[in-house]
Asks: 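One structure, pasted below without further comment.
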Amino acid sequence: MDSHGNSRFLMIAIREETLIALLAQRYLHAEELHCLTPGARRQLHRILLRSLVSVQ
């Protein structure tokens with residue numbers, strides 16, 4: 001949050017495998033991710049499913 005209490009979003013690029021690892025190890029949660037396009041949302045759904053398989 002900024003000094004006015006507003007949430008700010010940051011556009012970043014991250015390798016898919018890194019995102020899967022962060023999700024699988026619970027360093028990052030799905031609720032923290034927001035998609036800007038329908039295509040990105042579909043890709044994120046696939047990544048979330050893969051992260052569940054990666055949990056050991």
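Keep in mind that what you see is a predicted model, and the values were worked out from it rather than measured.
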Asks: Give the minimum heavy-atom separation between L23 and A30, together with the two atoms involved.
Replies: CD2-N, 4.0 Å
Asks: Would a distance-only check, ignoring hydrogens and angles, find a side-chain to backbone donor-acceptor pair under 3.5 Å from E32 to H29?
Replies: yes
Asks: Taking all heavy atoms of L19 and all of L33, pick out the closest pair and write down the distance.
Replies: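 Minimum heavy-atom separation between L19 and L33: CD1-CD1, 4.2 Å.
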Asks: For a side chain to side chain contact (heavy atoms under 4.5 Å, CB included) check, start with the C-alpha distance between H34 and R41, then their side-chain angles and the critical distance, and finish with the verdict.
Replies: CA-CA 8 Å; H34 301 274; R41 185 170 293 133; over 6 Å; no
Asks: What I'd like to find out is whether the side chain of R46 reaches to under 4.5 Å of the side chain of E16, using heavy atoms alone.
Replies: no
Asks: Any side-chain heavy atom of I14 within less than 4.5 Å of one from L22?
Replies: yes
Asks: Kindly give the heavy-atom pair with the smallest separation between S51 and A24, and that separation in Å.
Replies: O-CB, 3.5 Å
Asks: Using the rule that Ile, Leu, Val, Met, Phe, Trp and Tyr join whenever any side-chain heavy atoms are under 4.5 Å apart, tell me whether L36 and L44 fall into a single cluster.
Replies: no
Asks: Do F9 and L28 share a hydrophobic cluster (ILVMFWY, side-chain heavy atoms under 4.5 Å, transitive)?
Replies: no
